[in-house]
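Worksheet for the structure shown next.
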Amino acid sequence: MFTVAIDIGGTNTRVALVDENLKIIKRTQFSTDTTNPEHTLDEIVEVIRGYGNDIQAQITGIGMSCPGPLDLIHGKILTPPNLTGGWHNYMITDALKAKTGLPVYLDNDANLAALAEATVGEGKDYRYVQFLTISTGLGAGFVIDKEIYLGAHGFANEVANTIMIQDGPSHGSIIPGGVEAICSGTAIVERAKKAGIAAKHAGEVNDLALEGNENAKQIMDDAKNYLANFVAFIYAFADPEIVILGGSVAIKIEGFVEEVEELVKTKVYPNMIPYINIRKTTLDEDSGLLGGGILAYLKRVMTEK
């Protein structure tokens, strides 16, 4: 038995074949047609056909992520800024199902990464798993008993615009003071540039902070402190058993995750401190892609019950 995982991005589309052991065994990447979804879906179909008849006969479903915003309830792409033309308001799950004859499940990349973490990653032994990715942006996903929590309208864990500082920093379409505009890698670099610091990535800002640059230190302290505020809120609101941090900022900056965990412990009720459990991801950058294959597998299992 196999599933297919698809990650449609604003630049590239990745397609992977996932086996019943929840391992990626084949992967393909090609450029996304950013104005014509039909062209991109046809290329996906060609990749699947390339697996051969024997494997195709054993594929039970497709799990897919796309740039948001998404209507996850109805399987529709809404108005992503990096996909235009025919992509807007496109019923992508229906379209790909019609082309492949397979069930298709849509979710965002952070939710699918959370599912991978909860199934084969650091959260595999827990029922309530919160995942945050701190990278170019800041995304999140919450998984309960190996099932992604979507909320009433599919917008659960769309957290980037959660305001942490009134009239605070901003970048792109993020509301001023949104957590992404303070804690993401992009935010760290943008704030550094505005402070006269030339840095290519958040790691360089962190290095300058360690060397004693006061502006860099303030930016990194803000990133850690406000992320800890946000995670403390998650513990108070949702009471997860584990919070897993991924993305380049969490993975590549030494001590980042550990420092955030210690800060969170200072921001919750004393009786909650023993339950604060924040860990760095042990999965690679394919966690969201793998999560697509896992989603399709789990949906099949649920259907058979």
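Because the structure is a prediction, the values reported are computed rather than measured. Position 1 is the first residue of the sequence, and the numbers go up from there.
For Lys146 (side chain) and Ala118 (main-chain N/O), a donor-acceptor pair under 3.5 Å exists by modelled atom type. Between the side chain of His153 and the main chain of Phe155, no donor-acceptor pair closer than 3.5 Å is present. The backbone N or O of Ala110 lies less than 3.5 Å from no partner atom in the side chain of Thr133, so there is not a single donor-acceptor pair. Not a single donor-acceptor pair under 3.5 Å links the side chain of Thr119 to the backbone N or O of Ala116. Of the possible donor and acceptor atoms, none in the side chain of Ser287 sits under 3.5 Å from a partner among the backbone N and O of Leu283. Formation of a donor-acceptor pair under 3.5 Å by the Asp286 side chain with backbone atoms of Leu289 is not found in this model.
Leu132 and Leu112 fall into different hydrophobic clusters, where Ile, Leu, Val, Met, Phe, Trp and Tyr side chains are chained together by heavy-atom contacts under 4.5 Å. Cluster annotation: Val264 is connected to Ile273 through the hydrophobic network of ILVMFWY side chains, with a link wherever side-chain heavy atoms come within less than 4.5 Å. Cluster membership for Ile44 and Met91, using ILVMFWY side-chain heavy atoms within less than 4.5 angstrom, is not shared. Two different hydrophobic clusters hold Val129 and Ile234 under the rule that ILVMFWY side chains link at heavy-atom gaps under 4.5 Å. Under the 4.5 Å side-chain heavy-atom criterion for Ile, Leu, Val, Met, Phe, Trp and Tyr, Tyr226 and Val159 are members of the same hydrophobic cluster.
The list of side chain to side chain donor-acceptor pair (under 3.5 Å) pairs with a residue in residues 161-170, not counting sequence neighbours, is empty. For residues 228-275, every residue pair satisfying the ring-ring contact (aromatic ring centres under 6.0 Å, His included) rule, not counting sequence neighbours, is listed here: Phe233-Phe237. For the side chain to side chain donor-acceptor pair (under 3.5 Å) condition, the pairs that include at least one residue of residues 3-12, sequence neighbours left out, are Asp7-Arg14, Asp7-Ser65.
The existence of a salt bridge linking Glu117 and Lys124 is excluded, since no basic side-chain nitrogen approaches an acidic carboxylate oxygen closer than 4.0 Å.
No more than 12 heavy atoms of other residues, nucleotides or ligands lie within 6.0 Å of NZ in Lys26, so this atom counts as exposed by the packing criterion. Applying the 6.0 Å contact sphere to NZ of Lys23 captures no more than 12 heavy atoms from other residues, nucleotides or ligands. Atom CG of Asn21 is surrounded by more than 12 heavy atoms from other residues, nucleotides or ligands within 6.0 Å.
Under the salt bridge (charged side-chain N to carboxylate O under 4.0 Å, His left out) criterion, Asp221 pairs with Lys217, not counting sequence neighbours. Annotation: salt bridge (charged side-chain N to carboxylate O under 4.0 Å, His left out) contacts of Lys265 (sequence neighbours excluded): Glu262. Remark: Asp33 pairs with Thr35, His39 by the side chain to side chain donor-acceptor pair (under 3.5 Å) rule, at least two apart or across chains. For Asp145, the salt bridge (charged side-chain N to carboxylate O under 4.0 Å, His left out) test picks out Arg127, with sequence neighbours left out. When the salt bridge (charged side-chain N to carboxylate O under 4.0 Å, His left out) test is applied to Glu46, the partners found at least two apart in sequence or on another chain are Arg49.
The closest side-chain heavy-atom distance from Ile8 to Ile92 is below 4.5 Å. With contacts defined as side-chain heavy-atom distances shorter than 4.5 Å, the pair Val18/Val4 does not qualify. Put simply, the side chain of Ile244 does not reach to within 4.5 Å of the side chain of Lys280, judged on heavy atoms. Between Leu96 and Leu102 there is no side-chain heavy-atom pair separated by less than 4.5 Å.
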Show every donor-acceptor pair shorter than 3.5 Å between a side-chain atom in residues 70-78 and any protein atom, with sequence neighbours excluded, or say none if there are none.
residue: Asp71; atom: OD1; partner: Ile73; partner atom: N; Å: 3.2
residue: Asp71; atom: OD1; partner: His74; partner atom: N; Å: 3.1
residue: Asp71; atom: OD1; partner: His74; partner atom: ND1; Å: 3.3
residue: Asp71; atom: OD2; partner: His74; partner atom: ND1; Å: 2.9

For residues 180-199, which side-chain N or O atoms pair as donor and acceptor with protein atoms under 3.5 Å away, sequence neighbours left out?
residue: Glu180; atom: OE1; partner: Leu138; partner atom: N; Å: 3.0
residue: Ser184; atom: OG; partner: Glu180; partner atom: O; Å: 2.7
residue: Ser184; atom: OG; partner: Ala187; partner atom: N; Å: 3.1
residue: Thr186; atom: OG1; partner: Thr136; partner atom: O; Å: 2.6
residue: Arg191; atom: NH1; partner: Asp222; partner atom: OD2; Å: 3.0
residue: Arg191; atom: NH2; partner: Asp222; partner atom: OD2; Å: 3.3

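Atom CD1 of Ile62 sits about 11.5 Å away from atom CG of Leu295, to the nearest 0.5 Å. The structure places CG of Asn277 at 9.0 Å from CD of Glu241, a figure rounded to the nearest 0.5 Å. Here the CG-CG distance, from Leu83 to Asn36, works out to 11.5 Å after rounding to the nearest 0.5 Å. Rounding to the nearest 0.5 angstrom, the gap separating the CD1 atom in Ile276 from the CD1 atom in Ile242 is 12.0 Å. Taking CG of Leu17 as the reference point, atom CZ of Phe2 lies at 5.5 Å (rounded to 0.5 Å). Interatomic distance, Ile294 CD1 to Lys299 NZ, rounded to the nearest 0.5 Å: 14.0 Å.
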Show, in sequence, the C-alpha distance, side-chain angles and deciding distance for Val205 and Asn213, and conclude whether the side-chain contact (heavy atoms from CB on, under 4.5 Å) test is met. CA-CA 9 Å; Val205 181; Asn213 184 298; over 6 Å; no

Any chance you could lay out the side chain to side chain donor-acceptor pair (under 3.5 Å) test for Thr13 and Thr32, step after step, and finish with the verdict? CA-CA 5 Å; Thr13 292; Thr32 304; 2.7 Å; yes

Could you give me the CA-CA distance, side-chain angles and deciding distance for Thr34 and Asn82, then say whether side-chain contact (heavy atoms from CB on, under 4.5 Å) is met? CA-CA 7 Å; Thr34 58; Asn82 49 357; over 6 Å; no

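The minimum heavy-atom distance linking Met220 with Ala202 is given by the pair SD-O, 4.3 Å. Heavy-atom minimum distance, Pro270 versus Pro274: O-CD, 3.7 Å. The minimum heavy-atom distance linking Pro81 with Gly68 is given by the pair CD-O, 4.0 Å. When all heavy atoms of Pro67 and Gly10 are compared, the closest pair comes out as CG-N, 4.2 Å. Pairing each heavy atom of Phe30 with each of Thr40, the nearest pair is CZ-O, 4.0 Å. In plain terms, the two heavy atoms of Met1 and Thr60 that are nearest each other are CG-CG2, 3.5 Å.
Under the 3.5 Å distance criterion, with hydrogens and angles disregarded, no donor-acceptor pair is assigned to the side chains of Gln58 and Tyr51. A donor-acceptor contact closer than 3.5 angstrom is absent between the side chains of Asn206 and Glu254.
Partner Arg279 forms a side chain to side chain donor-acceptor pair (under 3.5 Å) with one of Glu122, Glu261, Glu258 and no other, that one being Glu261. Between Cys66 and the choices Thr93, Leu106, Ile6, the side-chain contact (heavy atoms from CB on, under 4.5 Å) rule is met once, by Leu106.
Applying the under-4.5 Å side-chain rule to Ile, Leu, Val, Met, Phe, Trp and Tyr, the cluster around Ile175 extends to Ile163. Here Tyr149 sits in one hydrophobic cluster together with Tyr128, Phe142, Ile144; the rule is ILVMFWY side chains under 4.5 Å apart, joined directly or through other members.
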